[in-house]
Amino acid sequence: MSSSQSDEPQNPSPDPTTKTPDQESTVPSPTNENNQEHEEEEEGECGFCLFMKGGGCKEVFINWENCIEEGEKNKENIVDKCFDVTSALKKCMEAHSDYYAPILQAEKAAEQEAINQLNKEKEAAAAVPVAGASDSGAEEQKPATSLTN
């Protein structure tokens, strides 16, 4: 072996068009530059929020979101405070049901599950004996006796 060669295989030089994972996020692309403002606005937003803002009810959703945040910040009852904006959001979603169908279906399923759970609780409460009543019901099954016998 000559002194210019080593026992280790030489790696070919990396392809200059190939990006490593850490370069992908830092290398600007036309898409990233055009959407920079949009990304800053959405930084840290949940998938649900992004979905809601992707449809025809973006502005109504933002109003709802702001109401909820303000109510939480001020420790207000958000159900009462945001009733009108919640109703407006639901109406908007129904008007754009082609886009919001997955959310509307999930809401309907959750509502039905709540109704089912409430019915189960009512049935369980009805099956529990009333306090002070006999557990065996023996008093109700005793034959009537006469005082004269």
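This chain uses plain numbering: 1 for the first residue, then up along the sequence. Because only heavy atoms are used, hydrogens play no part in the values below, and waters and symmetry mates are left out as well, while side chains stay in.
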dist Glu69:CD -> Ile62:CD1 (nearest 0.5 Å) comes out at 10.5 Å
Applied to residues 90-122, the disulfide bond (SG atoms under 2.5 Å apart) test, sequence neighbours excluded, yields Cys57-Cys92
Should we count CD of Glu111 as having more than 12 external heavy atoms under 6.0 Å? no
Backbone N or O of Val79 within a donor-acceptor pair of the Asn77 side chain at under 3.5 Å? yes
Could you tell me which residues satisfy side chain to side chain donor-acceptor pair (under 3.5 Å) with Asp98, sequence neighbours excluded, listed by chain and number? none
Using the side chain to side chain donor-acceptor pair (under 3.5 Å) criterion, which residues pair with Glu70? Sequence neighbours excluded. Lys81
Return the set of residues passing side-chain contact (heavy atoms from CB on, under 4.5 Å) with Asp84 (not counting sequence neighbours), or none when no residue passes. none
Going by side-chain heavy atoms closer than 4.5 Å, which hydrophobic residues are tied to Phe61, directly or by a chain of links? Phe48, Phe51, Met52, Val60, Trp64, Ile68, Ile78, Val85, Leu89, Met93, Tyr99, Tyr100, Ile103, Leu104
Partner residues of Lys90 under the salt bridge (Lys or Arg N to Asp or Glu O under 4.0 Å) criterion, sequence neighbours left out: Glu94, Glu107
Nearest 0.5 angstrom please: Glu72 CD to Cys82 SG, how far? 8.5 Å
Would you please name every residue forming a side chain to side chain donor-acceptor pair (under 3.5 Å) with Asn116, sequence neighbours left out? Gln112
side-chain contact (heavy atoms from CB on, under 4.5 Å) involving Glu123 - partner list, sequence neighbours excluded: none
